[in-house]
**Student:** 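Submitted below is the structure of interest, expressed as structure tokens.
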Amino acid sequence: MPSKRKRKKSLNSNPAPGNKYDIDPARLPVHVAIIMDGNGRWAKKRLLNRVMGHEKGSESVRIVVRTSREVGIQHLTLFAFSTENWERPRTEITALMKLLNRFLKTERNEMRDNDIRLQAIGQIDRLPEYVQKTLLKTIDLTKDGRAMQLNLALSYGGRTDIVRMARMISRESIKGQLTPEAITPDLVSSYLYTKDLPDPDLLIRTSGEMRISNFMLWQIAYSELYITDTLWPDFDKKEYLHILKQYQSRDRRFGKIKD
Ligand code: FPP
């Protein structure tokens, strides 16, 4: 069942029929988050340049966005570039930025036509100016999308998110605008990059690594985890639908017991 915490806005007043795939629309995760990993290994296995893995990976992005919209997912968050990814070779960073820019340009009309709204979380001001420009234009073009929100995590890190929140709260406290007692979990959530999003119900990670890699550390407290060995460029609609179906059999208790 979707998380009860932070059910802020329902984007989707007329959900797409998830049951076409034997998925119960009433038990869909409201928010799916994905750590897209394994592009480099996919390329290496084929003796290709790592960038080719990222290029193939952007096709999987397209598939997951379309499928999410089709089944009625309201929020999809993709970890596309982490704060740590800035330490990769300059050539790979440049290629990833170009790929992101191309993806936004080629997909934005389809997003708008399919009622999808784009948002970004992370240190957007660290992205190259041309990417920031394309990103802001795409956000603006798709701002009326109500069926689904696609959140791209770009130069995002969970620890940076938490430090940023602590600094903002600290500034308010110093000004006398916030007492220590006013600092509650909901207040903390409201200072994170994800302040307008419900917490993820389902976190998928590809490539078999059993780690969170600094992604949404606060927000995934009660997310259901699904780790697949599939490398991101090989992740397809069939596997995504299988994971959504599997999620529906999970017993979510949020630390409580059944009545
Ligand atoms: C991790 O694989 C993936 C990334 C660092 C970047 C993710 C980017 C894409 C999926 C393509 C572009 C994105 C969009 C939104 C169009 P890795 O390079 O760490 O793989 P490895 O662990 O096998 O080396």
Side-chain angles (χ1 to χ4, degrees), residues 32-69 73 75-111 114 116-124 126-128 130-139 141-142 148-158 160 203-216 227-237 239-240:
V32 176
I34 308 184
I35 301 174
M36 310 181 287
D37 194 20
N39 294 351
R41 274 162 286 169
W42 183 93
K44 198 173 172 199
K45 267 171 57 178
R46 289 162 180 78
L47 305 176
L48 297 169
N49 184 296
R50 294 176 56 81
V51 174
M52 301 294 281
H54 296 313
E55 279 187 17
K56 183 73 169 45
S58 55
E59 280 174 37
S60 304
V61 171
R62 223 165 268 134
I63 291 168
V64 164
V65 172
R66 284 183 189 156
T67 307
S68 300
R69 171 67 182 95
I73 301 296
H75 284 277
L76 173 68
T77 301
L78 302 176
F79 200 9
F81 196 86
S82 74
T83 43
E84 290 73 27
N85 287 155
W86 290 116
E87 280 152 51
R88 293 196 176 195
R90 178 71 19 215
T91 46
E92 185 171 343
I93 296 174
T94 303
L96 274 167
M97 292 300 146
K98 279 188 185 161
L99 204 52
L100 172 65
N101 197 58
R102 195 167 78 205
F103 174 86
L104 293 169
K105 283 189 166 172
T106 55
E107 297 302 304
R108 61 187 172 204
N109 287 344
E110 183 176 328
M111 280 190 232
N114 284 297
I116 297 173
R117 171 162 99 203
L118 181 81
Q119 277 297 327
I121 56 170
Q123 305 164 319
I124 304 312
R126 283 187 77 183
L127 301 174
Y130 77 97
V131 177
Q132 288 188 46
K133 230 169 120 188
T134 306
L135 183 65
L136 294 180
K137 193 168 169 198
T138 309
I139 289 173
L141 185 79
T142 61
M148 186 178 106
Q149 182 164 312
L150 169 62
N151 308 296
L152 292 183
L154 297 167
S155 189
Y156 176 85
T160 307
L203 172 64
I204 301 170
R205 180 177 188 137
T206 57
S207 93
E209 306 288 5
M210 299 288 175
R211 52 177 176 259
I212 298 302
S213 301
N214 199 14
F215 188 45
M216 299 220 268
I227 295 169
T228 169
D229 285 336
T230 304
L231 302 176
W232 178 250
D234 289 327
F235 193 78
D236 60 10
K237 181 171 180 172
E239 181 163 19
Y240 186 35

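One is the number of the first residue; the rest follow in order along the sequence. For ligands, and for the atoms within them, numbers begin at 1 and follow the listed sequence.
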**Student:** Given 3.5 Å as the limit, does a donor-acceptor pair link the side chain of Arg108 with the main chain of Thr142, or not?
**Tutor:**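 Pair absent, no side-chain N/O of Arg108 close to backbone of Thr142.
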
**Student:** From atom 19 (O) of ligand 1, work out which of Glu84, Arg88, Glu107, Arg50 has a heavy atom at the shortest distance.
**Tutor:**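 Nearest option to atom 19 (O) of ligand 1, by heavy atoms: Arg88.
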
**Student:** Provide, to 0.1 Å, the distance between atom 14 (C) of ligand 1 and the closest protein heavy atom, together with that atom's residue and name.
**Tutor:**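 Scanning the protein heavy atoms, the shortest distance from atom 14 (C) of ligand 1 goes to Val61 CG2, 4.1 Å.
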
**Student:** With a 3.5 Å distance limit and no angle check, can you tell me whether Asn101 reaches the backbone of Lys98 through a side-chain donor-acceptor pair?
**Tutor:**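 Checked: no pair found.
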
**Student:** Please lay out, stage by stage, how Ser58 and Arg102 fare under the test side chain to side chain donor-acceptor pair (under 3.5 Å).
**Tutor:** CA-CA 10 Å; Ser58 55; Arg102 195 167 78 205; 5.3 Å; no

**Student:** Might you work through the side-chain contact (heavy atoms from CB on, under 4.5 Å) test for Met36 and His54, ending with a clear yes or no?
**Tutor:** CA-CA 10 Å; Met36 310 181 287; His54 296 313; over 6 Å; no

**Student:** Taking distance alone, with no angle check, do Asn39 and ligand 1 share an N/O pair under 3.5 Å?
**Tutor:**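 Yes.
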
**Student:** I need the atoms of ligand 1 closer than 4.0 Å to a non-hydrogen atom of Phe103, numbered in the order shown.
**Tutor:**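 So the answer, numbered in order with elements, is 16 (C).
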
**Student:** Give the contacting part of Leu231 toward ligand 1: side chain, backbone, both or neither, where contact means a heavy-atom distance below 4.0 Å.
**Tutor:**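 It is neither; nothing of Leu231 touches ligand 1.
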
**Student:** Is any N or O atom of Arg41, backbone or side chain, closer than 3.5 Å to an N or O atom of ligand 1?
**Tutor:**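 Between Arg41 and ligand 1, an N or O pair is found under 3.5 Å apart.
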
**Student:** Between Leu96 and ligand 1, is there a nitrogen or oxygen pair with a distance under 3.5 Å?
**Tutor:**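 The answer is no, given that Leu96 and ligand 1 share no N or O pair closer than 3.5 Å.
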
**Student:** Applying a heavy-atom cut-off of 4.0 Å, say which part of Trp42 lies close to ligand 1: side chain, backbone, both or neither.
**Tutor:**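 The answer is neither.
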
**Student:** Counting each atom of ligand 1 from 1 as listed, which ones have a heavy atom of Asn85 under 4.0 Å away?
**Tutor:**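 It comes down to these atoms of ligand 1: 5 (C).
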
**Student:** Please report the C-alpha distance between Leu135 and Leu154 in whole Å, then the side-chain angles of each, then the deciding distance to 0.1 Å, and finally whether the side-chain contact (heavy atoms from CB on, under 4.5 Å) criterion is met.
**Tutor:** CA-CA 11 Å; Leu135 183 65; Leu154 297 167; 3.9 Å; yes

**Student:** Within the 4.0 Å heavy-atom shell around Trp232, which atoms of ligand 1 are there?
**Tutor:**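 Answer for ligand 1: 10 (C).
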
**Student:** Return yes when Gly38 approaches ligand 1 closer than 4.0 angstrom through a heavy atom, no otherwise.
**Tutor:**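 Judged by the 4.0 Å heavy-atom criterion, Gly38 does count as contacting ligand 1.
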
**Student:** In the protein, which heavy atom is nearest to atom 20 (O) of ligand 1, and how far is it?
**Tutor:**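 So the nearest neighbour among protein heavy atoms is Gly40 N, 3.0 Å.
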
**Student:** In terms of side-chain heavy atoms, does Thr228 have a donor or acceptor partner in Glu239 at a distance below 3.5 Å?
**Tutor:**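 The criterion, which ignores hydrogens and geometry beyond distance, is satisfied for Glu239 and Thr228.
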
**Student:** Look at the side chain of Arg69 and the backbone N and O of Asn114, then say whether any donor-acceptor pair between them is shorter than 3.5 Å.
**Tutor:**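 Yes; at least one donor-acceptor contact below 3.5 Å.
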
**Student:** Below 30° counts as parallel, above 60° as perpendicular, anything between as tilted: where do the rings of Phe81 and Trp86 land?
**Tutor:**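 Taking Trp86 first and then Phe81, their aromatic rings stand perpendicular (interplane angle over 60°).
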
**Student:** Among all protein heavy atoms, pick the one closest to atom 7 (C) of ligand 1 and tell me residue, atom and distance.
**Tutor:**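 The protein heavy atom lying closest is Ala80 O, 3.5 Å.
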
**Student:** Asp37: heavy atom below 4.0 Å from ligand 1, yes or no?
**Tutor:**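 The answer is yes: ligand 1 sits under 4.0 Å from a heavy atom of Asp37.
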
**Student:** Evaluate Trp232 against Val64 for side-chain contact (heavy atoms from CB on, under 4.5 Å), listing each step before the verdict.
**Tutor:** CA-CA 11 Å; Trp232 178 250; Val64 164; 3.6 Å; yes

